[in-house]
Amino acid sequence: MTRAMFEDLNTPDDLFTYRLGALLSAEHDSLNMLQDLQGQVLRDDVRQIFAHHEVETRGQIANVERCFDLLGKEIDDAPSPTTRGLAEEANALLRKADPTLCDQVALGEGLETEHYEIAAYTTLIDTADAMGMAEVCELLRANLREEQEAAGRLEAATHALTHVSAA
Ligand SMILES: [Fe+2]
Ligand SMILES: [Fe+2]
């Protein structure tokens, strides 16, 4: 949906809702990227990491939508140019890269997306906590934990792969 940017944001509550909507878009971008990358990687263990996080991401989307309910607001997405850009970058790099490099590319792009999500959740949790929105906070914290675990798995796989290929 289109709407004028900025003019609706007058209060911390407006900002929180806008960011929650941007995060909802980011999660949908992330879901698409996780599906795309599973079709591009060569190693089963790498594919498994993306497949596992795809399932988690579906739950995260439901959690974010539940946050809108708890706030008494309509589910409303907002632009997320960063995650769209990360997905475009992943596609561009995968087109350029030799097939032997594609797992490394996919892991790197996946890790960048996780770190973006971690930052976005961290900001929202801080605001939700300050506003005393306990249930919203709990849902966002559950998502954050999954992002951190996913980042850890991607980091370990990247490390294993780059150290083998550099040897
Ligand atoms: Fe996510
Ligand atoms: Fe994620």
Side-chain angles (χ1 to χ4, degrees), residues 1 15-71 73-94 97 102-129 131 133-162:
M1 73 207 58
L15 180 60
F16 182 84
T17 307
Y18 185 89
R19 281 181 163 155
L20 193 64
L23 188 53
L24 185 59
S25 299
E27 288 296 358
H28 281 286
D29 290 341
S30 176
L31 182 65
N32 289 334
M33 188 197 264
L34 289 162
Q35 289 169 329
D36 284 351
L37 293 179
Q38 285 173 67
Q40 307 256 19
V41 296
L42 300 179
R43 296 171 61 106
D44 278 340
D45 55 342
V46 173
R47 187 174 299 109
Q48 240 348 88
I49 296 172
F50 293 127
H52 179 78
H53 198 47
E54 179 192 337
V55 175
E56 289 178 331
T57 299
R58 291 179 193 283
Q60 292 174 358
I61 289 170
N63 282 354
V64 173
E65 289 178 347
R66 176 87 186 112
C67 288
F68 278 100
D69 283 349
L70 289 166
L71 295 167
K73 312 227 170 180
E74 296 269 307
I75 295 168
D76 191 9
D77 58 358
S80 177
T82 306
T83 45
R84 290 189 63 154
L86 287 168
E88 280 169 26
E89 181 181 81
N91 288 331
L93 277 183
L94 285 166
C102 90
D103 289 14
Q104 283 186 48
V105 168
L107 288 167
E109 295 301 308
L111 186 57
E112 288 185 22
T113 301
E114 294 315 317
H115 277 263
Y116 177 79
E117 290 176 310
I118 288 167
Y121 279 110
T122 302
T123 302
L124 280 173
I125 288 165
D126 194 56
T127 307
D129 188 41
M131 291 176 156
M133 301 185 287
E135 280 181 276
V136 169
C137 226
E138 198 164 313
L139 288 166
L140 297 175
R141 281 205 174 103
N143 283 9
L144 175 61
R145 272 194 299 277
E146 289 179 348
E147 310 300 19
Q148 288 167 331
E149 285 164 14
R153 285 191 289 268
L154 291 167
E155 213 175 306
T158 296
H159 181 81
L161 207 55
T162 51

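Heavy-atom basis, side chains included; hydrogens, waters and symmetry copies ignored. Atoms within a ligand are numbered from 1 in the order they appear, just like the ligands themselves.
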(request) Evaluate the salt bridge (charged side-chain N to carboxylate O under 4.0 Å, His left out) criterion for residues E54 and R58: first the C-alpha distance (whole Å), next the side-chain angles of each, then the deciding distance (0.1 Å), finally the verdict. (result) CA-CA 6 Å; E54 179 192 337; R58 291 179 193 283; 2.7 Å; yes

(message) From the N, O or S atoms in E117, identify the one nearest to the Fe ion (ligand 1).
(response)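 Going by distance to the Fe ion (ligand 1), the closest N, O or S atom in E117 is OE2.
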
(request) Kindly give the atom name of the N, O or S atom of E147 closest to the Fe ion (ligand 1). (result)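 For E147, the N, O or S atom at the smallest distance from the Fe ion (ligand 1) is OE2.
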
(request) Check the side chains of H53 and E56 for a donor-acceptor pair under 3.5 angstrom, ignoring hydrogens and angles. (result)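 Result is yes, a qualifying pair exists.
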
(request) Determine whether H52 and E146 make a side-chain contact, defined as any pair of heavy atoms from C-beta on separated by less than 4.5 Å. (result)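 When only atoms from C-beta onward are counted, E146 and H52 do not touch, as no gap falls below 4.5 Å.
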
(message) Can a donor-acceptor pair be found, under 3.5 Å and without considering hydrogens, that links the side chain of D103 to the backbone of L42?
(response)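 Pair found, side chain donor or acceptor close to backbone of L42.
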
(message) Between the Fe ion (ligand 2) and H53, which N, O or S atom of the residue is the nearest one?
(response)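 So the atom name we want here is NE2.
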
(message) Report the atom name of the nearest N/O/S atom of E114 relative to the Fe ion (ligand 2).
(response)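 Minimum-distance N/O/S atom of E114 relative to the Fe ion (ligand 2) is OE1.
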
(message) Around atom CZ of R84, are there more than 12 heavy atoms from other residues, nucleotides or ligands closer than 6.0 Å?
(response)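 For R84, atom CZ is not crowded (no more than 12 foreign heavy atoms under 6.0 Å).
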
(message) If I take every N, O or S atom of S30, is at least one of them less than 2.8 Å from the Fe ion (ligand 1)?
(response)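 No, since none of the N, O or S atoms of S30 sits under 2.8 Å from the Fe ion (ligand 1).
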
